[in-house]
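We number each residue from 1, following the sequence as shown.
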Amino acid sequence: MTSMKNVKALHLEDMDVVVEPGIGWIELNEYLLPYGLFFPLDPGPGATIGGMCATRCSGSLAVRYGTMRDNVINLQVVLANGDVVKTASRARKSAAGYDLTRLLIGSEGTLGVITQVTLRLQKIPESNVVAMCNFPTIKDAADVAIATMHSGIQVSRVELLDEVQVHAINIANGKDLPEFPTLMFELVGTEAYAREQTLRVQNISKEHHGFDFVFVETPEEKEKLWKMRKEALWANLALEPECEAMTTDVCVPLSHLAEVIARSKAEIDSSPLTCPVIAHAGDGNFHTVILFNPEKEEHRQEAERLNKFMVDAALLLEGTCTGEHGVGTGKMKYLEKELGIEALRAMAMIKHAVDPNNIMNPGKLIPPHVCF
């Protein structure tokens with residue numbers, strides 16, 4: 001599928017685009033830039049549109065624009081029996097029949113092969129400001145993310161980095177950023193509105209012990225800051241080159257974000273492993289990059305223990321084991337606790353109806369013990 005990278009049609013007046021699944025979101029946005037449009041989801045730099053659909057991904061802009069399920073208009077899919085199905089029309093909304101588009105988004109290749117995608121597009125904002133602020137504790141930073149969302153400020157990004165992640169970024173980029181828990185904000189709109197909202201965020205940050213509040217407005221400075229954030233994983237791997245990374249991906253209701261991060265951070269700090277924390281704090285989604293030496297069994301066991309601790313903590317707070325990375329095989333063991341056996345049986349019935357011979361990505365998503 002990686003060779004299917006074409007843009008099939010661009011409808012400027014409708015602000016949508018039809019693409020093949022192998023095109024990357026970065027390449028798509030480069031294509032759209034001359035038209036003043038962009039596709040707002042921004043997961044890892046190598047992500048393709050087909051993979052993004054399959055995992056129901058999101059990224060740092062989801063706090064404003066939603067996840068993949070909110071930004072796909074329709075799909076073209078090849079089913080297990082060879083039928084080529086178009087899941088919906090190109091209209092922005094429809095009440096015609098089952099929502100096959102949303103059923104297939106997040107199905108991780110278990111129901112069909114995506115061969116074409118129609119995406120919603122957005123206008124590139126007139127102006128935006130990127131702000132950063134440091135905090136004495138990670139809980140203070142999480143509290144500010146929650147307070148900012150409650151204030152009604154129209155942020156497009158609220159990213160949280162702990163002091164370990166900032167240290168990794170400093171090492172990888174030759175920077176000297178203060179190594180404290182840090183929030184990064186992006187505020188968009190007219191120039192006057194973006195600046196006004198930046199000052200409101202600054203005041204909220206001060207109320208929660210924030211310090212060293214700075215903001216940038218030039219394209220070059222903003223690009224440098226977001227580039228460092230986007231390349232955080234590579235910075236972490238460079239921190240301990242002999243290690244591999246196990247990335248956690250829990251998500252909780254926004255009101256529980258500070259609690260789950262504080263609990264997880266306390267557990268991480270007592271571990272012998274290095275574990276930078278990054279969060280899409282505006283929608284309750286956070287990642288821990290657990291660095292472990294695969295040659296050491298005690299490292300692997302500790303990484304698994306930390307991952308399970310964070311998943312269990314999220315589930316206790318009405319959260320999910322995966323906010324955007326998907327289930328695959330690694331998260332299947334948590335699905336029954338999160339969703340209940342009845343929901344899993346319903347999924348198994350759908351899978352069997354569409355793919356009775358189990359040829360579509362077998363062994364993924366639905367735990368093998370689930371029968372219907």
Could you report the tightest heavy-atom contact between [X] and [Y], atom names first, then the distance?
X	Y	answer
Pro34	Glu30	CD-O, 3.6 Å
Ala168	Leu239	CB-CD2, 4.0 Å
Pro21	Met1	CG-CE, 3.5 Å
Ala194	Leu187	CB-O, 3.8 Å
Leu183	Ala145	CD1-N, 4.0 Å
Glu217	Glu221	N-OE1, 4.2 Å

Distance, nearest 0.5 Å, that separates [atom1] of [X] from [atom2] of [Y]:
X	Y	atom1	atom2	result
Leu75	Thr118	CG	OG1	8.0 Å
Asp162	Glu179	CG	CD	10.5 Å
Glu318	Cys251	CD	SG	12.5 Å
Ile23	Tyr31	CD1	OH	8.5 Å
Lys206	Phe213	NZ	CZ	9.0 Å
Phe38	Asn29	CZ	CG	7.5 Å

If you count every heavy atom of other residues, nucleotides or ligands that lies below 6.0 Å from [X] atom [atom1], does the total exceed 12?
X	atom1	value
Asp83	CG	yes
Phe180	CZ	no
Lys139	NZ	no
Lys5	NZ	no
Arg102	CZ	yes
Glu223	CD	no

Shared hydrophobic cluster, [X] / [Y] (ILVMFWY, side-chain heavy atoms < 4.5 Å):
X	Y	result
Val113	Val354	no
Val63	Val277	yes
Leu365	Val370	yes
Met132	Val144	no
Val19	Leu10	yes

Using the rule given for side-chain contact (heavy atoms from CB on, under 4.5 Å), can you reason through Leu160 versus Phe286, listing the C-alpha separation, both sets of side-chain angles and the distance that settles it, and then say yes or no? CA-CA 8 Å; Leu160 187 155; Phe286 86 97; over 6 Å; no

Please report the C-alpha distance between Leu111 and Met360 in whole Å, then the side-chain angles of each, then the deciding distance to 0.1 Å, and finally whether the side-chain contact (heavy atoms from CB on, under 4.5 Å) criterion is met. CA-CA 6 Å; Leu111 300 180; Met360 292 290 184; over 6 Å; no

Do [X] and [Y] meet the criterion of a side-chain donor-acceptor pair at a distance under 3.5 Å?
X	Y	result
Glu242	Asn293	no
Asn170	Asp176	no
Gln76	Thr115	yes
Thr67	Glu324	no
Asn307	Thr248	no

Do any N or O atoms from the side chain of Arg229 and from the backbone of Ser60 form a donor-acceptor pair under 3.5 angstrom? no

Hey, does [Y] have a side-chain heavy atom less than 4.5 Å from the side chain of [X]?
X	Y	answer
Thr48	Thr2	no
Gln202	Leu199	yes
His299	Leu273	yes

Phe292: which of Glu304, Arg300, Gln301 passes side chain to side chain contact (heavy atoms under 4.5 Å, CB included): Arg300

Only residue of Val164, Ile169, Leu161 satisfying side chain to side chain contact (heavy atoms under 4.5 Å, CB included) with Pro276 is Val164

Before giving the answer on side-chain contact (heavy atoms from CB on, under 4.5 Å), spell out for Leu335 and Leu344 the whole-Å C-alpha distance, their side-chain angles and the decisive distance to 0.1 Å. CA-CA 8 Å; Leu335 289 188; Leu344 296 183; 3.9 Å; yes

Evaluate side-chain contact (heavy atoms from CB on, under 4.5 Å) for Ser255 paired with Ile146, printing each intermediate quantity in order. CA-CA 7 Å; Ser255 61; Ile146 296 168; 5.8 Å; no

Which of Arg90, Arg120, Arg92 passes side-chain hydrogen bond (donor to acceptor under 3.5 Å, both in side chains) with Asp16? It is Arg90

